[in-house]
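In this chain, numbering begins with 1 at the start of the sequence shown. This is a predicted model, so every value here is computed, not measured.
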Amino acid sequence: MAFQHRLETSAYRFHLGEFRHRGNTVCSPAMSNAPEAPVPFGFRDVPESHKHRLVSDVFSSVAPHYDLMNDLMSGWVHRLWKDAMVDWLNPQPRWRILDVAGGTGDIGFRLSERTRTRGVGADVLVCDVNISMIAEGMRRAQEKGEERVRWMLGDAEALPVADASMDAYTIAFGIRNVTHIERALAEARRVLKPGGRFLCLEFSRAEMPVLDVLYERFSFTVLPRLGEWIAKDAEAYRYLAESIRRFPAQAAFAKMIEAAGLARVSVRNMTGGIAALHSAWRI
């Protein structure tokens with residue numbers, strides 16, 4: 001790939017320090033010989049070893065259309081949700097920020113632009129397990145002339161990032177796709193400095209009467225048709241709709257964050273709970 005922006009592999013360097021991989025370029029949880037427990041993939045349960053490939057196939061298929069489809073999935077409102085996420089984080093110059101599962105750069109670009117307006121920008125690293133998503137983000141960075149954002153292949157469940165090295169960890173519309181949410185949350189705590197901030201934006205449970213029914217119908221009837229029309233992949237968008245329904249509701253997810261050792265968990269519903277922001281801190 002002829003990108004001006006370098007995809008970091010064996011190491012990556014920030015202005016404020018250097019961190020190295022703990023293993024391969026794409027890190028995955030260690031496998032064992034124990035019998036596999038089924039894990040959710042949309043409304044199906046699949047062997048644990050299959051889920052990574054299935055999710056990867058989905059995002060490889062939709063990567064060129066991912067942000068357009070987010071527009072259609074949210075009625076263009078996801079842009080406001082992402083702005084609200086960055087507002088709540090209030091990123092500061094010279095911070096080290098890790099944006100996980102953010103391959104197309106939507107959050108990473110916002111973080112970089114926001115801190116540049118305050119003088120010295122933050123060091124933003126986008127880490128995604130899918131090379132097609134990262135390729136799309138790097139292409140967009142080149143178009144925008146964005147040079148502060150760095151890119152790395154890595155699994156949310158085994159991040160190639162040093163302990164206690166990040167001022168903030170962000171993840172938007174990605175955590176519901178990991179195989180083990182609790183492992184991803186434990187990794188978030190591990191890489192955050194004491195006093196570091198965790199912020200997650202994810203589709204959630206609509207809590208307004210009527211809105212929940214309307215969004216349910218839209219998700220399972222209109223969305224797959226749009227996926228077929230735009231991305232030529234109705235099944236990928238059927239999976240995305242199903243994954244939203246199987247993701248824990250706001251209160252249950254907040255308890256998972258606390259169980260991972262993060263503190264001061266708080267929740268903000270977006271658009272009646274269609275999406276939610278979860279904030280927490282490593283104390």
Side-chain angles (χ1 to χ4, degrees), residues 67 70-71 73-128 137 146 148-149 156 159 165-176 178 181 184-185 187-189 191-208 244 247-283:
D67 291 311
N70 272 343
D71 284 336
M73 287 173 72
S74 69
W76 277 261
V77 180
H78 79 102
R79 299 169 184 264
L80 300 179
W81 297 341
K82 289 172 179 174
D83 288 341
M85 181 182 194
V86 174
D87 287 344
W88 200 13
L89 180 63
N90 190 25
Q92 299 299 307
R94 301 187 185 278
W95 270 13
R96 301 171 185 171
I97 306 175
L98 179 66
D99 182 46
V100 177
T104 62
D106 245 19
I107 297 298
F109 297 147
R110 282 172 167 81
L111 294 168
S112 181
E113 291 164 4
R114 179 69 60 88
T115 54
R116 276 204 309 273
T117 64
R118 300 176 174 180
V120 179
D123 285 314
V124 180
L125 176 66
V126 174
C127 184
D128 199 297
E146 172 59 71
R148 296 281 304 188
V149 175
L159 291 168
S165 60
M166 296 292 163
D167 295 289
Y169 170 114
T170 59
I171 184 167
F173 305 121
I175 202 162
R176 76 180 189 278
V178 305
I181 295 173
L185 292 172
E187 281 291 273
R189 184 189 182 281
V191 303
L192 283 170
K193 299 175 181 178
R197 180 85 176 276
F198 167 89
L199 202 55
C200 175
L201 172 63
E202 188 53 86
F203 287 108
S204 197
R205 304 292 173 85
E207 296 182 342
M208 292 177 60
I244 292 168
F247 188 71
Q250 290 90 321
F253 185 48
K255 289 181 180 179
M256 294 181 73
I257 296 170
E258 291 177 344
L262 293 163
R264 294 169 53 194
V265 179
S266 56
V267 184
R268 290 183 181 178
N269 278 334
M270 304 279 107
T271 316
I274 289 177
L277 277 166
H278 284 75
S279 170
W281 303 79
R282 177 174 179 179
I283 303 301

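Remark: R94 does not engage D167 in a salt bridge, criterion side-chain N to carboxylate O under 4.0 Å. For the pair E146 and R116, the salt-bridge criterion is met [side-chain N within less than 4.0 Å of a carboxylate O].
Note that CZ of R264 and CD1 of I283 are 5.5 Å apart. Values are rounded to the nearest 0.5 Å. With rounding to the nearest 0.5 angstrom, the CD1 atom of I257 is 13.5 Å from the CH2 atom of W281. Note: S204 OG to H278 NE2 = 6.0 Å, rounded to the nearest 0.5 Å. Distance check, rounded to the nearest 0.5 Å: CG of L125 to CD1 of I97 gives 10.5 Å. Remark: L98 CG to E187 CD distance equals 10.0 Å, nearest 0.5 Å. A distance of 4.0 Å separates SG of C200 from CZ of F253, quoted to the nearest 0.5 Å.
Here the closest heavy-atom approach between residue R205 and residue A249 is recorded as CG-CB, 3.6 Å. Summarising the geometry of A156 relative to V100, their closest heavy-atom pair is CB-CG1, 3.7 Å, with the distance given to 0.1 Å. Looking at every heavy atom in both residues, S165 comes nearest to R96 through O-CD, 3.2 Å. Closest heavy-atom contact between P93 and V120: CB-O, 2.7 Å.
Results of the side-chain contact (heavy atoms from CB on, under 4.5 Å) test with F198 over L192, V191, V265 single out L192 as the only residue that passes. Of the candidates L262, L159, L89, Y169 forms a side-chain contact (heavy atoms from CB on, under 4.5 Å) with just one, namely L159. A salt bridge (Lys or Arg N to Asp or Glu O under 4.0 Å) with R110 is found for one member of D99, D87, D83 and no other, namely D83.
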From CA spacing to verdict: side-chain contact (heavy atoms from CB on, under 4.5 Å), I181, M256: CA-CA 8 Å; I181 295 173; M256 294 181 73; 3.6 Å; yes
Does the side-chain contact (heavy atoms from CB on, under 4.5 Å) test come out yes or no for D106 and H78, once each step is laid out? CA-CA 10 Å; D106 245 19; H78 79 102; 3.7 Å; yes
Begin with the C-alpha distance, continue with both residues' side-chain angles, and end with the deciding distance and a verdict on side-chain contact (heavy atoms from CB on, under 4.5 Å) for D123 and R148. CA-CA 7 Å; D123 285 314; R148 296 281 304 188; 3.3 Å; yes
For the pair K82 and I107, evaluate side-chain contact (heavy atoms from CB on, under 4.5 Å) and give the outcome as yes or no after the intermediate values. CA-CA 7 Å; K82 289 172 179 174; I107 297 298; 3.6 Å; yes
Under the salt bridge (charged side-chain N to carboxylate O under 4.0 Å, His left out) rule, what do D71 and R79 come out as? Steps first, then yes or no, please. CA-CA 8 Å; D71 284 336; R79 299 169 184 264; 2.8 Å; yes
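Cation-pi geometry between R197 and W88 is met: the NZ or CZ atom falls under 6.0 Å from the ring centre, inside 45° of the normal.
Counting only distance, with no hydrogens or angles, the side chain of R189 and the backbone of L185 share no donor-acceptor pair below 3.5 Å. For the pair T115 (side chain) and L111 (backbone), a donor-acceptor distance under 3.5 Å is present. In this structure, the side chain of T117 engages the main chain of R114 through a donor-acceptor pair within 3.5 Å.
Not less than 6.0 angstrom separates the ring centroid of F203 from the ring centroid of F247.
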Could you pull out all donor-acceptor pairs under 3.5 Å where a side-chain atom in residues 268-277 meets a protein atom, sequence neighbours excluded?
{"from": "N269", "atom 1": "OD1", "to": "Q250", "atom 2": "NE2", "distance (Å)": "2.9"}
{"from": "N269", "atom 1": "ND2", "to": "E207", "atom 2": "OE1", "distance (Å)": "2.9"}
{"from": "T271", "atom 1": "OG1", "to": "W81", "atom 2": "NE1", "distance (Å)": "2.8"}

